[in-house]
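The structure appears below as structure tokens.
So that the names make sense, note that chain A is the first sequence line, chain B the second, and so on, each numbered from 1. Hydrogens, waters and symmetry mates are skipped; everything else that's a heavy atom, side chains included, is used.
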Protein chains: 2
Amino acid sequence: MRTSSMLEQLMEALRCLPGVGPKSAQRMAFHLLQRNRKGGLQLAEALSQAMTEIGHCDQCRTFTEQDTCHVCTNPKRQANGQICVVETPADIAAIEATGQYSGRYFVLMGHLSPLDGIGPSDIGLDLLDYRLSIGDVEEVILATNPTVEGEATAHYIAQLCKAHGVNASRIAHGVPMGGELELVDGTTLSHSLLGRQKL
Amino acid sequence: MRTSSMLEQLMEALRCLPGVGPKSAQRMAFHLLQRNRKGGLQLAEALSQAMTEIGHCDQCRTFTEQDTCHVCTNPKRQANGQICVVETPADIAAIEATGQYSGRYFVLMGHLSPLDGIGPSDIGLDLLDYRLSIGDVEEVILATNPTVEGEATAHYIAQLCKAHGVNASRIAHGVPMGGELELVDGTTLSHSLLGRQKL
């Protein structure tokens with residue numbers, strides 16, 4: 001279909017968003033043009049600002065437009081000697097949403113993956129090493145994903161903590177709340193049995 | 001969750017897209033920041049250009065950044081005396097994709113809806129009236145949606161055509177291709193019986 005070339009460019013550009021195919025892109029473009037041009041312009045503004053100005057926190061590597069993010073600069077968070085290691089900034093959002101954690105974070109922006117050429121320095125472990133060496137960290141909570149790579153990464157960081165004499169812990173894996181036992185997969189069930197706690 | 005305020009603004013802005021809720025917006029924002037900043041900037045550029053520069057064709061009211069769209073300026077399309085009336089520019093895309101139609105279009109950008117205060121002039125029927133009065137139109141194909149409003153709009157335009165002595169036709173409604181008869185709803189089946197054609 002040949003249409004307005006500017007419209008085609010917009011549809012093509014919208015496909016850079018995850019989960020957006022040709023049909024969704026068309027729907028989005030027409031929706032914005034017909035019903036929400038102001039919203040479209042605001043989105044353009046927010047996008048160009050975010051893409052150029054958002055960098056990484058120099059302490060925890062999460063996304064922020066400042067040098068250091070608001071979590072790392074928070075004195076209460078600093079007083080708590082915990083650092084929670086996660087793979088992505090989205091994981092921080094998930095943990096913050098629980099309201100259960102009041103320490104600082106460290107974002108790997110990935111996981112160790114030697115086959116893809118991703119080594120310790122690519123996921124910022126040199127920076128973590130430096131932070132552990134300062135001596136204000138009491139516990140490192142390893143909240144990487146329960147995948148092969150995530151487990152390997154957690155194991156590697158646990159060794160790093162040991163070298164610095166810092167306690168390392170791994171988040172619990174087991175039966176998710178609200179789930180039915182018979183529907184839970186075997187590996188998860190094994191983890192929940194091995195990780196049982198005394199009442 | 002308190003995060004980078006620029007990131008929050010981006011997530012909020014992304015929600016102007018249809019079908020994008022808080023979770024998708026977060027996923028999109030992180031995806032662009034982590035993996036495709038260049039794509040994000042291109043999207044920002046395409047959006048701001050499209051939102052400010054795309055207007056309506058002065059002949060058929062579809063979206064275009066020129067005064068008259070490429071379909072209306074095409075001499076072959078002009079020679080064909082047909083005008084297909086559709087509700088939205090997306091309908092043009094669908095009809096063009098079939099490759100079965102080689103006439104011009106007229107986009108209502110909606111349908112008659114007296115309860116919502118949408119009258120004939122709001123859907124450009126004054127412009128259509130003018131185009132019919134010129135005398136180069138032989139047939140008006142009514143391809144509005146098969147809804148109550150779409151049918152009413154088609155009926156209204158058919159009257160307009162009659163007043164100008166121009167033939168009006170309605171696209172066929174019936175059993176969709178590849179469907180199973182037993183699964184087709186009653187109204188559609190009635191239409192397919194009433195609209196039967198001699199072999």
Side-chain angles (χ1 to χ4, degrees), chain A residues 1-20 24 26-54 57 62-66 69-71 88-90 92-97 109-110, chain B residues 1-20 24 26-54 57 62-66 69-71 88-90 92-97 109-110:
Chain A
M1 177 206 172
R2 294 191 311 138
T3 50
S4 147
S5 61
M6 219 174 257
L7 187 57
E8 262 175 18
Q9 277 167 26
L10 175 58
M11 289 184 198
E12 189 54 43
L14 279 165
R15 295 188 54 191
C16 73
L17 297 170
V20 175
S24 310
Q26 185 188 305
R27 186 165 149 247
M28 286 173 170
F30 283 137
H31 173 90
L32 291 179
L33 283 169
Q34 260 175 288
R35 301 203 185 87
N36 198 357
R37 295 207 182 210
K38 206 177 142 215
L41 282 174
Q42 279 169 350
L43 175 56
E45 176 69 15
L47 268 172
S48 74
Q49 234 186 10
M51 294 303 128
T52 48
E53 291 180 32
I54 292 182
C57 170
T62 193
F63 290 127
T64 177
E65 69 265 31
Q66 279 122 24
C69 74
H70 73 276
V71 171
T88 67
I92 296 191
I95 294 175
E96 284 294 287
M109 292 285 172
Chain B
M1 174 206 177
R2 293 191 312 138
T3 49
S4 149
S5 61
M6 220 173 259
L7 187 57
E8 262 174 19
Q9 276 166 24
L10 176 57
M11 289 183 198
E12 189 55 41
L14 279 165
R15 295 188 54 192
C16 74
L17 297 171
V20 176
S24 310
Q26 184 187 306
R27 185 165 150 248
M28 287 173 170
F30 284 136
H31 173 89
L32 291 179
L33 284 169
Q34 260 174 289
R35 299 202 188 88
N36 199 355
R37 293 207 184 209
K38 203 176 144 218
L41 282 174
Q42 278 169 348
L43 176 55
E45 176 70 15
L47 267 172
S48 75
Q49 234 187 9
M51 294 302 129
T52 48
E53 290 179 33
I54 291 181
C57 170
T62 195
F63 291 126
T64 178
E65 70 266 29
Q66 278 121 25
C69 74
H70 73 278
V71 172
T88 66
I92 296 190
I95 294 175
E96 285 292 290
M109 291 283 171

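Atom NE2 in B/His70 sits 9.0 Å away from atom OG1 in B/Thr62 (nearest 0.5 Å).
Residues passing the side chain to side chain donor-acceptor pair (under 3.5 Å) test with B/Ser48, sequence neighbours excluded: none. Annotation: side chain to side chain donor-acceptor pair (under 3.5 Å) contacts of A/Ser24 (sequence neighbours excluded): none.
Highest contact tally toward chain B, considering only A/Glu53, A/Gln42, A/Met51, is held by A/Met51 [criterion: heavy-atom pairs under 4.5 Å]. Considering only heavy-atom pairs separated by less than 4.5 Å from chain B, the leading option among A/Ala46, A/Cys16, A/Gly40, A/Pro18 is A/Pro18. Each of A/Met109, A/Gln49, A/Lys38 has some count of heavy-atom pairs under 4.5 Å with chain B, and the biggest count is that of A/Gln49. By number of non-hydrogen pairs under 4.5 angstrom with chain A, the leading residue of B/Thr52, B/Asn36, B/Leu41 is B/Leu41.
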Checklist entry - Does the side-chain contact (heavy atoms from CB on, under 4.5 Å) test come out yes or no for A/Arg37 and A/Leu32, once each step is laid out? => result CA-CA 5 Å; A/Arg37 295 207 182 210; A/Leu32 291 179; over 6 Å; no

